[in-house]
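One structure is given here, and the rest of the page talks about it.
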Amino acid sequence: MKKTNIILILIAMLSLLGLGAVVLFFGDTEKLPEQNNTGTLEDYQDNYIADENMNKEIVVKVEEEFAEASEIGIYTAEFQSLVREKINGLISANTYTEDHPLVIYNPFLTNSQSLYVYFETEEAYAVSYSVHTPEADYEDFGAFTVPHRPDTSKVHEFQVIGLIPGETNMITLRLMDVNGVVKIRRFYFYNENAVAASTIELKTEQGTKEVENEDKTFSTVPASNEQVAEGMFVVYPAANEVSPYLRFYDNDGVQRCEIPLETYGTKRMLILDDLIFFKVSAEKFVGINRLGEVVKIITDENYSFGDDYCFDKNNDILVLASDKRQASVDDCIIRINRVTSEITELVDLGDLLPEYKVKCEKKDGVQDWLSLNSIALVEGNRVMVSGDKTDTIIKIRRLYNDPKITFMIGNPEEFKNTPYTTLFAQEDNEFEMHHGLNMITYQPYDLIRETRHYICLLHNNEDFEYEKRQEHYAYYYRYLVDDAEGGEDAQGSVRLVDSFVLPEVGDNGSIQWYGDHLLFATDKKAEFYEYDNEFQLITKYSYKEPVVEKTEEEKEQEEDYPPADATVAFLRVEKFDFTGYYYNEEPVIIQPAETELEGAESENE
């Protein structure tokens with residue numbers, strides 16, 4: 001195939017961390033073979049090798065304006081507005097094209113493995129990118145970008161993620177027009193913003209099992225015939241990690257994003273359209289767009305944010321919270337309006353269980369009587385919550401108007417001598433009740449009868465007093481519950497329909513159904529696993545990292561102080577399909593609307 005080499009210049013680059021960079025940019029234009037133009041990113045990969053004599057290296061002097069701004073705090077409106085104004089100023093003052101794009105390293109300081117890219121084109125293009133490390137053996141990472149402007153594919157503004165710190169990264173941009181003609185532009189980027197080396201690539205192990213051959217010998221074969229599902233894993237850090245970051249890993253176990261937090265304790269991330277939502281501290285909730293820009297910052301003087309949150313039926317956010325005006329903690333459900341950021345209290349569990357709450361003692365002036373740690377939307381105005389102080393699942397109906405408890409699942413002995421023992425669901429079959437609730441999730445069962453559904457949970461197999469481990473393993477449970485029979489005030493019923501033995505967990509860990517795969521994470525071993533729907537292991541991921549060294553006094557206060565070679569600590573792991581947020585599966589070309597015909601009658605005339 002004939003290729004025309006041309007020298008291209010990358011002219012603009014900013015750094016907020018005071019780091020230098022060497023950038024090399026070159027490209028070509030080519031028409032793809034007809035049979036290869038089938039619409040996936042792999043179809044547009046090329047084997048182009050540039051003539052080294054045509055390479056041009058540009059040493060960019062890093063601008064310093066943003067360095068002091070970072071002291072304001074990343075998750076502040078002041079800092080984010082300052083960065084956006086600076087970027088808009090550059091765009092207004094300069095012309096950026098595919099040959100001379102604006103490229104900024106991590107301008108919003110929300111992903112140390114990313115570049116902000118902006119340029120405009122005369123024609124409409126679908127843009128894809130790939131990240132290749134020519135001097136290291138990492139798999140290429142890339143995707144089609146999601147158009148950030150909903151009305152045109154002539155303005156290209158996106159975030160390149162997946163850079164490998166400490167390595168030379170070759171970024172290839174591919175611009176495909178409506179006829180399948182692809183322009184290719186490449187540049188190299190290197191920075192010394194080092195992520196801890198032990199977190200960049202996880203150890204991966206394929207699940208295996210022994211099978212007996214016809215000759216009575218045994219062979220080791222894959223435990224599952226399936227591959228891990230497409231997506232990225234998000235690891236939530238624990239308090240004894242060196243630095244609080246959300247870390248994203250691809251299916252090869254390579255870290256592709258690193259998002260900083262203000263403090264520890266984040267256990268959940270929500271995605272809706274072009275925003276991801278999560279708490280960066282107990283006092284602050286944020287929304288970040290696909291460029292890495294923080295566009296929502298939510299705080300409230302009356303509430304602190306707890307362990308878990310979920311979307312409700314209107315895609316507002318239900319959050320477990322503490323009311324700062326009360327001595328009790330982790331016993332409220334609040335709603336954050338996704339559009340206005342207004343916060344409304346929906347449920348105070350102390351109002352639903354007052355005779356139990358009054359029995360619980362305070363310690364140092366704080367009443368941690370329920371310790372809600374998980375929430376799941378059931379249907380409409382129903383939710384389930386769990387609390388690890390009582391090992392109890394509580395289902396609440398009429399969430400928005402006079403909420404009531406539908407039933408509870410757990411050990412009723414914890415609530416003896418209160419009127420709430422009658423709320424416990426009746427067991428339909430014989431099973432050992434869960435001990436040590438870490439996480440619950442909802443699964444529908446009967447779309448006609450919304451009150452019949454599954455509850456999936458991880459329990460850490462601790463005894464009720466949390467004093468000692470019964471056995472060195474945990475359990476996945478799936479309950480089938482039904483609260484419809486007998487009317488609104490019925491206790492309901494619960495049946496154990498699935499159980500699966502898992503490796504040991506500590507006070508955290510997580511489970512998640514991702515399609516028909518089960519994801520399990522253990523904080524005790526700092527490992528996570530992806531299983532198929534028959535609970536056969538597909539792949540295990542693990543890594544080690546030094547933890548913060550603690551004083552002898554701190555060690556005495558913590559029974560489970562990790563040794564010096566302990567694995568990196570995390571609270572939960574989830575998997576997400578970032579299609580529509582970070583990337584598209586297929587090329588998208590938006591043609592600008594045609595301008596109004598000359599002489600056409602105006603609506604305002």
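Predicted, not measured: the structure shown is a model, and the values here were computed from it. When a residue number appears, it is its place in the shown sequence, counting from 1.
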[Y]/[X] salt bridge by N-O under 4.0 Å criterion:
| X | Y | value |
| --- | --- | --- |
| Asp308 | Lys267 | no |
| Lys154 | Glu120 | no |
| Glu530 | Lys575 | yes |
| Glu98 | Lys183 | yes |
| Glu293 | Arg84 | yes |

**Asked** Would a distance-only check, ignoring hydrogens and angles, find a side-chain to backbone donor-acceptor pair under 3.5 Å from Ser128 to Phe144?
**Response**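 No, because the side chain of Ser128 does not come within donor-acceptor range (under 3.5 Å) of the backbone of Phe144.
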**Request:** Report yes if some heavy atom in the side chain of Gln443 is under 4.5 Å from a heavy atom in the side chain of Ile455; otherwise report no.
**Result:** no
**Tyr309 side chain reached by Leu318 side chain, heavy atoms, under 4.5 Å** = no
**Prompt:** Should the pair Arg338 and Phe311 be classed as cation-pi, given the thresholds of under 6.0 Å to the six-membered ring centre and 45° from the axis?
**Reply:** no
Check this for me: [X], atom [atom1], are more than 12 non-hydrogen atoms of other residues, nucleotides or ligands nearer than 6.0 Å?
| X | atom1 | answer |
| --- | --- | --- |
| Lys313 | NZ | yes |
| Gln326 | CD | yes |
| Glu230 | CD | no |
| Glu123 | CD | no |

**side-chain hydrogen bond (donor to acceptor under 3.5 Å, both in side chains) involving Thr121 - partner list, sequence neighbours excluded** =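 In terms of side-chain hydrogen bond (donor to acceptor under 3.5 Å, both in side chains), with neighbours along the sequence ignored, Thr121 is linked to His156.
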**Message:** Over 60° means perpendicular and under 30° means parallel, so tell me whether Phe158 and Tyr129 are parallel, tilted or perpendicular.
**Reply:**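 Rings of Phe158 and Tyr129: parallel, as their planes differ by under 30°.
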**Message:** In terms of relative ring orientation, are Tyr116 and Tyr118 parallel, tilted or perpendicular, with 30° and 60° separating the classes?
**Reply:**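 Aromatic pair Tyr116/Tyr118 classed parallel.
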**Message:** Please evaluate residues Leu175 and Val182 with respect to the criterion side chain to side chain contact (heavy atoms under 4.5 Å, CB included), reporting the C-alpha separation (whole Å), side-chain torsions for both, the decisive distance (0.1 Å), and the verdict.
**Reply:** CA-CA 5 Å; Leu175 291 72; Val182 177; over 6 Å; no
**Prompt:** Quick one: salt bridge (charged side-chain N to carboxylate O under 4.0 Å, His left out) partners of Asp250, sequence neighbours excluded?
**Reply:** Arg256
**Request:** Verify whether one side chain among Ser322 and Asp330 offers a donor that lies under 3.5 Å from an acceptor in the other.
**Result:**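 There is such a pair between these side chains.
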**Request:** Could you verify whether a donor N or O on one side chain and an acceptor N or O on the other, from Asn373 and Ser386, lie under 3.5 Å apart?
**Result:**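 Yes, because at least one side-chain N or O of Asn373 sits under 3.5 Å from a partner of the opposite role on Ser386.
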**Asked** For the ring pair Phe528 and Tyr541, is the centre-to-centre distance below 6.0 Å?
**Response** yes
**Item:** Ring centres under 6.0 angstrom apart (His517, Tyr531)
**Value:**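 Not under 6.0 Å, so no.
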In a table with atom names and distances, give each donor-acceptor pair under 3.5 Å that connects a side chain of residues 274-282 to protein atoms at least two apart or in another chain.
unit_1, atom_1, unit_2, atom_2, d
Lys279, NZ, Phe305, O, 3.3
Lys279, NZ, Gly306, O, 2.9
Ser281, OG, Glu283, N, 3.2
Ser281, OG, Lys284, N, 3.3

